[in-house]
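Below is one structure, written out as structure tokens, with a few remarks after it.
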2 protein chains.
Amino acid sequence: MARKTTTPCCPPESPATRAAVLLAAPDDPVADAQLAAFAKAIAHPTRVRILRLLAHREARMCSHIVDELPLAQSTVSEHLRILRAAGLVRANESGPRVGYCIVPAVLTQFKHLLDDL
Amino acid sequence: MARKTTTPCCPPESPATRAAVLLAAPDDPVADAQLAAFAKAIAHPTRVRILRLLAHREARMCSHIVDELPLAQSTVSEHLRILRAAGLVRANESGPRVGYCIVPAVLTQFKHLLDDL
DNA sequence: TCGGCGTATCGTCAATCGACGATTGCCGAT
DNA sequence: ATCGGCAATCGTCGATTGACGATACGCCGA
């Protein structure tokens, strides 16, 4: 909106070029949905922050994260649930002491999907 | 949720180690917000698809994208607005023939932010 | 000049998100 | 055996999102 485009990057093309290019359509709805799902998982500053905390090993238990953020425990738990549902984070399910950590492989997959754009 | 964690990745740590590690906290709310904003922009399969169409030069005008998708013109226009607001896409504002294109530099910035995770 | 095409915007509606308090459930320690 | 702290879940509320049709706007060609 504040963009004063001095050099137009993309004048409308002729129908001919367009038709030729259309032959090679990727159209991978699965990859689109996957990438969108990952993106949605980190589409909130708090969840990015949580990922960073986990990546830097500064917090591993939910209560630690709660200490770092101005949010209620239930809210943090919900954010963790979303990150877990996306596969970006894992928890060792062993009672009241739940340790959280990043799943590097999934994060890498995320990065690859983005790179393919 | 279907994860049967055989090897717990992250047993709770001692308070001592934790305190030591806490000294180096990154805490960059700006980067968090920026990354979250980018992610939110592509947190919808349709917008990922649109980005791909633009990246592959298969569609440049809004009407072309509308032809490719089972969505109303106003809906596509709205998705384009969101992508533009995030800076990922640019339009040459010159009347009824609006050409859309990706802004590679911004996309690269997005990738870097994700890599920093 | 005047249609008509291609976009943007507006208003509406259902669905989803984000945050919270309250509650429940679990182990480990007392 | 009970207690106390940690985490997940539930129910609720307001705000936001995603979709649509209808409408307004601005150039280009007839």
Side-chain angles (χ1 to χ4, degrees), chain A residues 1 3 5 8 10-15 18 32-33 36-37 39-50 53-54 59-86 89-101, chain B residues 1 3 5 8 10-15 18 32-33 36-37 39-50 53-54 59-86 89-101:
Chain A
M1 43 186 68
R3 196 82 202 141
T5 146
C10 33
E13 61 197 358
S14 76
R18 180 174 145 64
D32 290 354
K40 183 181 260 191
I42 67 163
H44 195 288
T46 296
R47 290 197 287 274
V48 175
R49 181 98 163 86
I50 291 177
L53 289 173
L54 292 178
R60 311 190 83 173
M61 293 174 46
C62 179
S63 60
H64 296 160
I65 299 174
V66 172
D67 291 344
E68 299 284 333
L69 301 175
L71 294 173
Q73 177 266 325
S74 58
T75 304
V76 172
S77 184
E78 173 70 3
H79 283 305
L80 282 170
R81 190 191 62 78
I82 293 171
L83 289 173
R84 248 190 309 159
V89 155
R90 181 160 46 153
N92 60 344
E93 314 274 0
S94 60
R97 299 270 159 141
V98 181
Y100 284 97
C101 62
Chain B
M1 46 179 65
R3 197 80 204 141
T5 148
C10 33
E13 61 197 356
S14 76
R18 179 173 145 64
D32 290 355
K40 183 181 263 191
I42 67 164
H44 195 288
T46 296
R47 290 198 287 273
V48 175
R49 181 98 164 86
I50 291 177
L53 289 174
L54 292 178
R60 311 189 83 172
M61 293 174 47
C62 178
S63 60
H64 296 161
I65 299 175
V66 172
D67 291 343
E68 300 283 335
L69 300 176
L71 294 174
Q73 176 267 325
S74 57
T75 304
V76 172
S77 183
E78 173 70 3
H79 282 306
L80 283 169
R81 190 191 61 79
I82 292 171
L83 289 173
R84 249 190 308 158
V89 154
R90 181 162 42 156
N92 60 346
E93 314 273 2
S94 59
R97 302 266 158 146
V98 181
Y100 285 97
C101 64

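Any value given below was found using the heavy atoms of this structure, including those in side chains, with hydrogens, waters and symmetry copies removed. Within every chain, numbering begins at 1; the chains are lettered A, B, ... in the order of the sequence lines, protein sequences first and strands thereafter. Note that the structure is a prediction, hence the values are computed from the model and not measured.
Separating the NE2 atom of A:His64 from the C1' atom of D:dC6 is a distance of 10 Å, rounded to the nearest angstrom. Rounding to whole angstrom units, CD of residue B:Glu78 and C1' of C:dA8 are separated by 10 Å. The distance between atom NE2 of A:His79 and atom P of D:dA8, rounded to the nearest whole Å, is 14 Å. B:Ile82 has its CD1 atom 14 Å from the P atom of D:dT16, to the nearest Å. The nearest whole Å value for the distance from the CE atom in B:Met61 to the P atom in D:dC28 is 12 Å. Rounding to whole angstrom units, CG of residue B:Leu80 and C1' of C:dT9 are separated by 14 Å. Atom CG of A:Asp67 and atom P of D:dG5 are 14 Å apart (whole Å). A:Lys40 has its NZ atom 9 Å from the P atom of C:dG18, to the nearest Å.
Between the side chain of A:Asp32 and the backbone N or O of B:Val48, no donor-acceptor pair lies under 3.5 Å. Put simply, the side chain of B:Arg47 gets close to the backbone of B:Lys40: a donor and an acceptor are under 3.5 Å apart.
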B:Val76/B:Cys62 under side-chain contact (heavy atoms from CB on, under 4.5 Å): CA gap, chis, key distance, verdict:
CA-CA 7 Å; B:Val76 172; B:Cys62 178; 4.1 Å; yes
Walk me through whether A:His64 and A:Tyr100 qualify under side-chain contact (heavy atoms from CB on, under 4.5 Å).
CA-CA 10 Å; A:His64 296 160; A:Tyr100 284 97; over 6 Å; no
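Shortest non-hydrogen contact noted between A:Val98 and A:Ala91 is CG1-CB, 3.6 Å.
The side chain of B:Ser77 places no N or O atom within less than 4.0 Å of a non-bridging phosphate oxygen (OP1 or OP2) of C:dT7. Put simply, B:Ser63 has a side-chain N or O that comes within less than 4.0 Å of OP1 or OP2 on C:dT7. Contact check, B:Tyr100 against C:dG6: no side-chain N or O comes under 4.0 Å of OP1 or OP2. Residue A:Arg81 places no side-chain N or O under 4.0 Å from the OP1 or OP2 atom of D:dA7.
Heavy-atom nearest nucleotides on DNA chain C were determined for B:Thr75 and for A:Ala72, and the one closer to the 5' end corresponds to B:Thr75.
For B:Gln73 against C:dA8, a side-chain-to-base donor-acceptor contact under 3.5 Å is present.
Taking only side-chain atoms of B:Ser74, from C-beta outward, the nucleotide of D:dG21, D:dG18, D:dT17 with the closest atom is D:dG21. In the set C:dA8, D:dG18, D:dA7, D:dG18 carries the atom at the smallest distance from any side-chain atom of B:His44.
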